[in-house]
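The structure under discussion appears below in the form of structure tokens.
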Amino acid sequence: MEDELNKSQTRIGYLDVDKDLDSKQELIDDKEFDIPQVDTPPTLESILNETDDEDEPFIPEDPALLNIETVDTHSCDTSSLASSDSGDRAHKRKKKLPDSFSRHGSVMRHTLLKGISAQIVSATDKVDAGLPTAIAVSNLIAVGTSHGLALIFDSNQALRLCLGSTALGAQYGAVSALSINNDCSRLLCGFAKGQITMWDLASGKLLRSITDAHPPGTAILHIKFTDDPTLAVCNDSGGSVFELTFKRVMGVRTCESRCLFSGSKGEVCCVEPLHTKPELRDHPITQYSLLAMASLTKILVIGLKPSLKVWMTFPYGRMDPSSVPLLAWHFVILQGALNPMLAFCRGDVVHFLLVKRDESGAIHINKQKQLHLHYDLINFTWINARTLALLDSAEKLHVIDRQSQEELETLEISDFQLVYNSSHFKSLATGGNVSQALALVGEKACYQSISNYGGQIFYLGTKSVHAMMLRNWRERVDHLLKQDCYNEALALAWSFHEGKAKAVVGLSGDPKKRKSVVADKVVEILLQYTDKALRKCPEQGKIQIMEQHFQDTVPVIVEYCLLLQRTDILFSQMYDKLSENCVAKGVFLECLEPYLLRDQLPGLTTQVMKDLLLHFQDRSLMENVEACIIHMDITSLDIQQIVQMCWEHRLYDAMIYVYNSGTNDFISPMEKLFKSISAPVSAGKSLTDEQVVMGNKLLVYISSSLAGRAYPLGDIPEDLVPQVKNQVFEFLIRLHSPEAPQDEEVYPYIRTLLHFDTREFLNVLALTFEDFTNDKQAVEHQQRIVDILLKVMVENSDFTPSQVGCLFTFLARQLAKPDNTLFVNRVLFDQVLEFLCSPDDDSRHSERQQVLLELLQAGGIVQFEENRLIHLAERAQFYQICEFMYERKHLYDKIIECYLQDPIRKQEVFSYIHNILSIPGYSPEEKQSTWNKAMRHMEELIALSPSKAADLVCTHFSEQLDEFIGKLQDSFLLFQFLRSLLDPRDGAQLGSELLQNQPHITEHFVDLLCKYDPGHVTDVLQILEHYRLEETIQIAQKHNNYETLAYLLEKKGDIQAAFQVMLTRLQDRLSGLTEDAVDAADTEQMPVLKDVEETLSETISLCERTSHTLNQQQREALWFPLLEAMMSPQKLLSSSPSQVYSEALKSLTMEVLNSMAAYISLPSILQRILQDPVYGRGKLGEIQGLVLGMLDTFSYEQTLLETTTSLLNQDLHWSLRNLKSSITKALVPKQDYCCVCLQQYKKRQESSDDIIIFSCGHLYHSLCLFGKDCKVEAGGQIQWICYKCNSSNKGRSGRQTVADMKKGRTASLVQMRTASANPSREESARKSSSDSILDPQQLQAFNELCRLYKGTSRLALLTELCRSQSPEKSSTHNPYGGVSSSSVFQNENFQLHLAPPPIIDD
């Protein structure tokens, strides 16, 4: 492989621009071409306008670094086609887009081939060569011109040959295509007028001039050698593809042509033969000589050998007709096999096809993952098997990684002034006899302007040639360093180190070698970065600015040193340099802390450790000091000095760590901490927060030491674990402490820990006992500790019951273990039981009960006699203990009494009974005894919670409801129970079938409700259903509940009787009112008037609810008695000297008149008023108020009607105006060509062909649409359907098909406009639309109209109000009904938008 790469070095050397390019501007022989002398030869600057600052000098790469994969070294997958009609575009400076400095850095290197560019311009001026039109690259560079010349340059950019002449160019036209064979011995030139020439590149002789290979009058778009030097293919502007076979018979050179694809079947505009490199010539796929062709509608892959065969066709699908078809081959390795891959694209989706040959010789083509883009492509080039170069229609070059589909870089190349060859696609040189579709594609065609070879891409501009290639990894890093982007350079280098970078060139595939090379580069960058940080540090200004400067750089340096595991450089060279600046040194030390805390800082030197601790200590960051110490290897530091500092600053964790790891002393820290807390604990004083922290740390430290773990983190060395455990146990069981006073009690350490936190200390011992093995010493330690605990706690009365209980709970757990070796005297448990169950001690009752319960649950039950335990618990009122014991004996009925007697847990009795009766696992006898006990205590349960009791009965014993109700003697408890049972608002629900079969239960509840809560009877009856009306009416009569009686009579349908009840109630209250008014002249009887107002309001509501079901005579029988009842008391009050209620009664009478006016005619009301003795006799002034009030009501309603009519008319006009505007709006087509034939609508000249535009924006010729069966007759009218919309909607549910529309089931015929193709008739458009159904455009307008309303329309509101109030539209009677569920007022989003009236200036 290396030899092959070395051979390729000479083929890539044509970019060697280290030589003097100025001496190469006179390479064309003036005498040979008869070029006149010029006074001042054009300079390079004048030719190319100006030098580009961003163009870097090109440095030839070592081929071994340039192309890592041998399959990429000599790729010739050149897309072909060029033209010269691009013109001189506005020159722009090349600039990278904003994402060019992403994490990938600058991937591509751009080089201007100055020698070739200068000579192209010079040839244009001196020999009239014309503008460049095509380029082909191999070991040589061939550039075709518009005047028929082909300029051949070698690898040093020297002009070797100038093939052809201007005379030949005048005859053949411009060079439209070029191709060089594999060994660079032959050149094929295609011309704009259809001729083809073959040249000998060694001698410059014309070998063949081919004029009859394809139909005359068409330009050559592509000419391509295959791997067989005697075989080539060409593609002309007629869309045909021909195979050219070169032969030499008896010294005569001939060419045979064979048509591979006819343009009449679909125009081909791109061809690409599969080229293989010399080292791959033995690949089995090469024997087929594959050729890919791209027509305007599909892709074809054919084999030229051994016989012509089509292997694949692939249609494009939907795409932009102006997009350019692109083809490119490349060999890739997939699943360990090397096979060719074809990439093709038209528009913004790139498809990849993998070509394989099986054992039988058949070719299989498999689709790979597609590449979706957000831009249209005009060129596709493989740089190597993993990296792609895509050029979009805006002349932006996108570098893409194929496997991840990640965009690595984007470059602007519009200043190249890329050559396009639209003129060849339009065949302007032969009269423009091409199809419009092919000419449309040619607008963006640049096939012959771009060529790639050896991983390099060459772009042909109108005055220059440019090369693009991948930078090697060092160059990409150095490119970032030149721009002072050190962070980005380090990130990029690290991605090379980890093998995660894309488009990598120049790195070994061996991970070890790669990491070694990149690591050296990263170290070099870090040293440079350190020097730069110190050099560019601001010398003056605030200290915060300097700190910020170093915080931006130093942490990065530390991070990468640690990633590379080069702490030797970090703590030597780096630290020495940064220590020169005190601010930099501080930032460096601070950024070490997080790595130190994560134990990611090996090799920390003694000096750095000292400086780090001193730095935090100087800044009073003692918590940071402690955190750092416990992660350091402090054996090299002064132990005593650190211990002293830790004790002074209360760094207890650090102090313990230093003792343990520095001197293997585990006891001294315990003694220090004990000394601090023992005095206040033994004295019974409350501890300070600091002392509590010390005590907790001591407990954790003891627990860790006994478990073999180091404190605060890590593990104790295995060889020290037994020794440490023994030392700690010996320490705990010491009889006295060192330097103990005379009065110190025995076992001070255990005593202190028990007083400090009994439960936690015993938990520590329990965990320790779990880890102990049953050897003799461990058993002795355990028994010794237990004996001391009993001696300390049982023989002293200064421990609380909770503390004593904790000890015996601990002992019970230990004794319950199957491998227990401890011995505890059972008498001690009896003493504890007596102590905890003492009835004389009422203090800490719940605490003693909880302690005993924990003791029993921990296994202590085996230490007691059960009957004695139950007796003591009942005496001490330990109901939870009783429940625990009864549960063991399955005496569940007794547990109910425990709950009822326990004031804390009374409410839980319902859940307990429910669980017993519901959960499986209990016998029927147990469930029955539980229920019997519950029945005996049911009154108590109801008094406790009626709702929960009702829920219990409803869930389990609804069938025995009658029996249960009969046992309840207390009527009020029964009332509460029935309310919870029957009222759905209280939660419990009986089955409707049960209540329907036993209505007396509901009636009994109504009876009790009338007795205990008469004011809410009517409300409850509106909810209840299962009761008998007659019996319930009798109950209401018995309790004289008139409101309820009226409701029931109304529900029964006896409206007159219900009215009489309410009227009688009103007359009684009016009588009481008149009596009060006659007897007393003060205003203390206002509550009586309030009762009258409430009764009258209820009576009016009754009349209003029922009037719409009655005729006129029946309505008068309701309203007139009510009116008389209100007017008669006024006669009595008028003769009374007190006028207290007179005005109030008149106001109430006016309320009756206003209400009845909606149901009784106005003349009848006036006649009845005038007939009344009170108003009929006397002056008109007495009834003036009533009449004027009625007239005011009439005037108000008249004004309301007029205003409503005006608003509705305005809404109707506004809606119709907006709908008319939307419907008559002009239609705008999305494109200017037919969506079926893809031809511009102006080009078709048939007189009968109309243009149809749908509201969706699609445009068609009527004949094209008719051919797609989109003309439909529905309802006697001819209508059209959009072909594209109908095709895309096929298969979706809820959409119509053409067949449905033909059957008359038309739901949405799209609105359209038709216009004649004749320009004179275009201004008059015909428009047709469905009369009954809105099309999408109209629906959009209607939705916009609804949005502008911002809510329900006024018409809908008024219609709903009218429906609810109109007597004629209501057929059912609902006494207390509201708005129906379908009303707009029930909508949760309903909002009434109110606005204040406008302010009118005086």
Side-chain angles (χ1 to χ4, degrees), residues 15 48-59 61 66 79 86 89-114 117 135 324 326 328 345 348 350 371 373-384 386-402 404-420 444 446 449-453 455-473 475-480 482-483 485 488 492 501-505:
L15 293 182
L48 301 177
N49 295 326
E50 69 175 312
T51 307
D52 215 337
D53 293 338
E54 291 184 22
D55 290 339
E56 300 177 6
F58 177 75
I59 302 174
E61 290 292 342
L66 181 62
S79 300
S86 62
R89 301 191 174 203
H91 185 72
K92 300 178 182 177
R93 293 184 59 82
K94 180 169 69 69
K95 60 180 180 180
K96 294 185 177 67
L97 298 182
D99 64 345
S100 61
F101 286 104
S102 64
R103 57 194 181 92
H104 301 290
S106 178
V107 178
M108 299 295 289
R109 179 175 65 204
H110 164 242
T111 302
L112 170 65
L113 303 186
K114 298 180 181 179
S117 301
I135 187 172
V324 182
L326 303 172
C345 170
D348 57 357
V350 181
L371 173 60
L373 309 169
H374 58 275
Y375 41 80
D376 287 340
L377 296 184
I378 61 174
N379 179 261
F380 179 101
T381 306
W382 293 87
I383 302 177
N384 55 42
R386 294 186 303 270
T387 313
L388 314 173
L390 311 181
L391 183 63
D392 66 16
S393 56
E395 294 192 359
K396 293 179 181 176
L397 183 66
H398 304 266
V399 184
I400 307 290
D401 180 74
R402 180 180 62 85
S404 65
Q405 298 193 356
E406 183 178 1
E407 185 165 302
L408 309 180
E409 187 176 17
T410 304
L411 299 170
E412 185 89 39
I413 66 167
S414 57
D415 60 336
F416 290 5
Q417 301 183 30
L418 194 66
V419 171
Y420 290 81
K444 301 177 182 177
C446 59
S449 307
I450 302 172
S451 179
N452 72 313
Y453 181 74
Q456 302 167 1
I457 310 173
F458 300 87
Y459 297 89
L460 179 65
T462 56
K463 297 181 181 180
S464 57
V465 178
H466 303 260
M468 286 282 188
M469 65 182 301
L470 290 176
R471 301 176 186 268
N472 72 7
W473 73 275
E475 187 179 352
R476 286 169 64 179
V477 173
D478 292 338
H479 182 77
L480 292 171
K482 290 177 183 177
Q483 304 181 37
C485 299
E488 291 80 1
L492 179 60
K502 311 293 183 185
V504 182
V505 175

Might you point out which heavy atoms bring [X] and [Y] nearest each other, and give the distance in Å?
X: Phe380; Y: Leu326; value: N-CD1, 3.8 Å
X: Val465; Y: Leu112; value: O-CD1, 3.6 Å
X: Leu377; Y: Cys345; value: CD1-SG, 3.8 Å
X: Ser464; Y: Ser117; value: CA-OG, 3.3 Å
X: Cys446; Y: Ile378; value: SG-O, 3.6 Å

Can you list everything that forms a side chain to side chain donor-acceptor pair (under 3.5 Å) with Gln405? Sequence neighbours excluded, please.
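Listed in chain order: nothing, the list is empty.
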
Return the set of residues passing side chain to side chain donor-acceptor pair (under 3.5 Å) with Asp348 (not counting sequence neighbours), or none when no residue passes.
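Expected list: none.
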
Between Val350 and Leu388, does a side-chain contact (heavy atoms from CB on, under 4.5 Å) hold up when you go through it step by step?
CA-CA 11 Å; Val350 181; Leu388 314 173; 5.7 Å; no

[X] [atom1] to [Y] [atom2] distance, which is reported to the nearest 0.5 Å:
X: Leu470; Y: Arg109; atom1: CG; atom2: CZ; answer: 9.5 Å
X: Leu411; Y: Ser106; atom1: CG; atom2: OG; answer: 6.5 Å
X: Phe458; Y: Met469; atom1: CZ; atom2: CE; answer: 8.5 Å
X: Ile457; Y: Ile450; atom1: CD1; atom2: CD1; answer: 8.0 Å
X: His398; Y: Met108; atom1: NE2; atom2: CE; answer: 13.0 Å
X: Leu397; Y: Leu390; atom1: CG; atom2: CG; answer: 7.5 Å

For Asp401, check side-chain contact (heavy atoms from CB on, under 4.5 Å) against everything at least two apart and list the hits.
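Once residues adjacent in sequence are excluded, the partners of Asp401 under the side-chain contact (heavy atoms from CB on, under 4.5 Å) criterion are Arg386, Gln403, Ser404, Leu408, Lys502.
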
4.5 Å side-chain heavy-atom contact, Glu395 and Leu418
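Counting from C-beta outward, Glu395 and Leu418 do come under 4.5 Å.
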
Polar side chain donor-acceptor pair, Gln483 to His479, under 3.5 angstrom:
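Side-chain D/A pair, Gln483 to His479: present.
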
Could you check whether the rings of Phe416 and His466 sit parallel, tilted or perpendicular, using 30° and 60° as the cut-offs?
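Geometry flag for His466 against Phe416: parallel rings.
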
Between the side chain of Asn452 and the main-chain N/O of Trp382, is any donor-acceptor distance below 3.5 Å?
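Checking the backbone N and O of Trp382 against the side chain of Asn452, a donor-acceptor pair under 3.5 Å is found.
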
Using the side-chain hydrogen bond (donor to acceptor under 3.5 Å, both in side chains) definition, which of the options Glu406, Arg476, Glu488, Glu409 pairs with His104?
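By the side-chain hydrogen bond (donor to acceptor under 3.5 Å, both in side chains) criterion, His104 pairs with just one of Glu406, Arg476, Glu488, Glu409: Glu406.
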
